[in-house]
> 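Structure in structure tokens, see below.
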Amino acid sequence: MLRSKILNRIRLLKPVIDRRCMSSASKTPLTLLEVDDKSGIATLSLNRPPVNSLNIDLMNSIIESITEIEGNKSRGLILTSANDRVFCAGLDLNELHKPNQERLKEFWAVFQDVWLALHLCSVPTAAAINGHAPAGGCLLATACEYRVMLPQMTIGLNETQFGYMAPKWVMLSYLSVLPRRLAERALTQGKLFTTAEALDVGLVDEIAASKEEALAKCSTFIDSFSKANPLARSLTKKQIREPDVQKLIADRAGDLKECLEYINSPLLQDGLGAYFEALKQKSRSKAGKS
Ligand SMILES: CCCCC/C=C\C/C=C\C=C\CC(=O)SCCNC(=O)CCNC(=O)[C@H](O)C(C)(C)COP(=O)(O)OP(=O)(O)OC[C@H]1O[C@@H](n2cnc3c(N)ncnc32)[C@H](O)[C@@H]1OP(=O)(O)O
């Protein structure tokens with residue numbers, strides 16, 4: 001009974017995700033998908049310069065790639081970045097700052113979809129975190145089952161640093177990896193963990209000296225399921241993740257409404273504007289343009 005319920009729910013989910021995927025074709029490859037013909041493991045690289053910030057097109061491209069990977073019977077999915085400094089800079093602040101309301105609704109719905117697609121992905125998933133992973137970038141990493149990170153990077157849900165509060169389902173993704181008291185402290189502080197700190201608290205599982213080593217460690221994790229029946233493994237993962245997922249699926253409209261109110265509030269728009277300007281200023285001074 002529960003198995004068919006879960007499968008039906010996944011089928012219900014899929015049409016929403018598939019329909020979204022068809023709606024936007026990006027001109028440049030925002031994601032690069034390679035399947036190793038020996039191991040059968042798919043590597044999905046985020047490829048949206050300069051920092052893989054998540055806009056509608058990139059998130060749709062990620063969803064499309066996950067749907068393809070699940071359909072082509074890949075043995076596993078490794079999520080990484082084509083950029084050697086940044087894994088993913090989180091949501092594209094251009095989508096949140098002074099947003100077009102219709103676009104913001106679509107943006108938020110796709111943000112919900114990309115988390116659901118990755119969090120419920122039927123094949124084993126691992127993140128080779130070869131760059132900084134703040135906010136939404138951290139969410140993509142925690143949606144995966146295993147995380148390997150390179151040194152001297154940062155990862156964390158830093159929303160409170162720019163006046164936002166992470167949505168409930170984003171917090172749940174953190175709580176699925178960190179003990180509650182630590183997650184609460186890190187969320188309220190908007191803490192960005194260094195690689196060493198992230199390993200220490202269990203936010204990441206291993207450290208690798210290079211992207212190649214990180215990919216190899218992720219492949220070893222995926223190989224650890226070689227003796228498990230793929231369907232039984234997938235259903236077990238989905239059953240364990242079901243309660244968190246249900247909290248979003250049961251009230252996607254409510255989450256969207258709350259987010260729109262929150263993002264559009266003057267206080268938050270001012271905070272975000274100042275934060276974004278500081279980022280741009282930092283970038284200009286780095287490039288000697290100030
Ligand atoms: C009850 C309430 C429930 C509802 C909740 C409502 C709302 C929740 C809202 C939000 C949830 C948010 C999640 C997010 O993901 S918001 C995004 C948060 N991201 C960050 O804070 C990261 C910011 N970026 C950085 O820290 C650095 O850029 C980074 C470490 C990633 C890389 O540093 P580096 O030095 O390599 O590069 P920079 O020079 O800083 O940047 C280069 C270039 O890229 C631009 N940029 C950086 N990050 C973003 C971004 N997230 N979006 C858009 N653009 C970004 C930066 O401005 C530079 O551009 P330019 O000036 O060169 O044009």
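Remember, predicted model here, so these are calculated numbers, not experimental data. Order of appearance sets the numbers: ligands from 1, and atoms from 1 within every ligand. Quick note: numbers below take in every heavy atom, side chains included, and nothing from hydrogens, waters or symmetry partners.
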> Side chains of residues 200-208: which donor-acceptor pairs under 3.5 Å do they make with residues two or more places apart or in other chains?
unit_1, atom_1, unit_2, atom_2, d
Asp205, OD2, Arg147, N, 2.8
Glu206, OE1, Lys217, NZ, 2.9
Glu206, OE2, Tyr146, OH, 2.6

> Between Asp255 and ligand 1, which residue portion shows a heavy-atom distance shorter than 4.0 Å: side chain, backbone, both, or neither?
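None of Asp255 does.
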> What atoms of ligand 1 come within less than 4.0 Å of a heavy atom belonging to Glu258?
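Checking each atom against Glu258, I get 1 (C).
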> Of Ile62, Leu32, Asn83, Thr80, which meets side chain to side chain contact (heavy atoms under 4.5 Å, CB included) against Leu46?
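So, applying the side chain to side chain contact (heavy atoms under 4.5 Å, CB included) to Leu46 and each of Ile62, Leu32, Asn83, Thr80, only Ile62 qualifies.
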> Do any nitrogen or oxygen atoms of Arg85 come within less than 3.5 Å of a nitrogen or oxygen of ligand 1?
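So ligand 1 has an N or O lying under 3.5 Å from an N or O of Arg85.
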> Quick one: look at Lys282 and ligand 1, take heavy-atom pairs under 4.0 Å, and tell me if it's side chain, backbone, both or neither.
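It is the side chain that touches ligand 1; the backbone stays farther off.
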> Evaluate His132 for polar contact with ligand 1, using N/O atom pairs at a separation under 3.5 Å.
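Not met; the criterion fails.
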> With atoms numbered from 1 as shown, which atoms in ligand 1 lie under 4.0 angstrom from a non-hydrogen atom of Tyr275?
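Every atom of ligand 1 under 4.0 Å from some heavy atom of Tyr275: 20 (C), 21 (O), 22 (C), 23 (C).
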> Do ligand 1 and Leu93 have nitrogen or oxygen atoms that lie under 3.5 Å from each other?
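Among all N and O atoms of Leu93, at least one is under 3.5 Å from an N or O of ligand 1.
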> Below 4.0 angstrom, N of the basic side chain to O of the carboxylate: do Glu145 and Arg233 qualify?
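Salt bridge flag = yes for Arg233 with Glu145.
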> Side chain, backbone, both or neither: which applies to Lys286 and ligand 1 if a contact is any heavy-atom pair less than 4.0 Å apart?
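For Lys286, the contact with ligand 1 is made by the side chain alone.
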> List the residues meeting salt bridge (charged side-chain N to carboxylate O under 4.0 Å, His left out) with Glu95, not counting sequence neighbours, and say none if there are none.
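By the salt bridge (charged side-chain N to carboxylate O under 4.0 Å, His left out) rule, Glu95 matches Arg103.
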> Could you check which of Ala133, Ser285, Pro167, Ala278 puts a non-hydrogen atom nearest to atom 3 (C) of ligand 1?
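Answer by nearest heavy atom: Pro167.
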> Do the side chains of Asp251 and Lys168 get close enough for a salt bridge, i.e. N-O under 4.0 angstrom?
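Salt bridge between Asp251 and Lys168, a charged N being under 4.0 Å from a carboxylate O: no.
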> Is there a side-chain contact between Asp223 and Arg75 in this structure, where contact means two heavy atoms from C-beta onward sitting under 4.5 Å apart?
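Result yes, sub-4.5 Å side-chain heavy-atom pair found.
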> Report, in ascending order of atom number, the atoms of ligand 1 lying under 4.0 Å from any heavy atom of Pro50.
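In order of number, 43 (C), 44 (O).
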> Quick one: does Leu96's side chain get under 4.5 Å of Ile263's, heavy atoms only?
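Yes, side chains in contact.
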> Checking the N or O distance criterion of under 3.5 Å, is ligand 1 in contact with Trp108?
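No.
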> Distance under 4.0 Å to a non-hydrogen atom of Gly136: what atoms of ligand 1 satisfy this?
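Reading through ligand 1 atom by atom, the close ones are 14 (C), 15 (O).
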> So, is Leu279 polar-close to ligand 1, with some N/O to N/O distance under 3.5 Å?
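Leu279 vs ligand 1: no N/O contact under 3.5 Å.
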> With distance as the sole criterion, is a donor-acceptor pair present between the side chains of Asn55 and Asp57 under 3.5 Å?
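Result is no, nothing qualifies.
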> Would you check whether Glu159 has a nitrogen or oxygen atom less than 3.5 angstrom from a nitrogen or oxygen atom of ligand 1?
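No, no N or O pair falls under 3.5 Å.
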> Can you tell me which portion of Leu91 lies within the under-4.0 Å heavy-atom range of ligand 1? Options are side chain, backbone, both, or neither.
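Leu91 to ligand 1: contacts from backbone and side chain alike.
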> Do ligand 1 and Asn94 have nitrogen or oxygen atoms that lie under 3.5 Å from each other?
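Among all N and O atoms of Asn94, none is under 3.5 Å from an N or O of ligand 1.
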> What about Met165: any of its N or O atoms under 3.5 Å from an N or O on ligand 1?
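Not met; the criterion fails.
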> Could you check whether Ser234 and Ser122, counting side-chain N and O atoms only, form a donor-acceptor pair closer than 3.5 Å?
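Checked: Ser122/Ser234 side chains show no N/O donor-acceptor pair below 3.5 Å.
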> State, yes or no, whether a side-chain contact exists between Ser74 and Ile41 at a heavy-atom distance under 4.5 Å.
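Result no, sub-4.5 Å side-chain heavy-atom pair not found.
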> If the cut-off is 4.0 Å to any non-hydrogen atom of Gly90, which atoms of ligand 1 fall inside it?
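What qualifies from ligand 1 is 15 (O).
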> Looking at side-chain heavy atoms only, is the closest gap between Leu139 and Tyr174 below 4.5 Å?
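Not touching, per the 4.5 Å side-chain cut-off.
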> Is Ala89 in polar range of ligand 1, meaning some N or O pair under 3.5 Å apart?
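So ligand 1 has an N or O lying under 3.5 Å from an N or O of Ala89.
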> Between Ile263 and ligand 1, which part of the residue brings a heavy atom under 4.0 Å of the ligand: side chain, backbone, both or neither?
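For Ile263, only side-chain atoms sit under 4.0 Å from ligand 1.
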> Could you list the atoms of ligand 1 found under 4.0 angstrom from a heavy atom of Asp92?
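Close to Asp92: 52 (N), 53 (C).
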> So, for Trp108 and Tyr262, is the gap between ring centers shorter than 6.0 Å?
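No, too far apart.
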> I need the atoms of ligand 1 closer than 4.0 Å to a non-hydrogen atom of Pro134, numbered in the order shown.
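Once the distances to Pro134 are compared, the set is 22 (C).
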> I'd like to know whether CD of Gln189 has more than 12 heavy-atom contacts from other residues, nucleotides or ligands below 6.0 angstrom.
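Counting neighbours around CD of Gln189, more than 12 heavy atoms of other residues, nucleotides or ligands fall under 6.0 Å, so yes.
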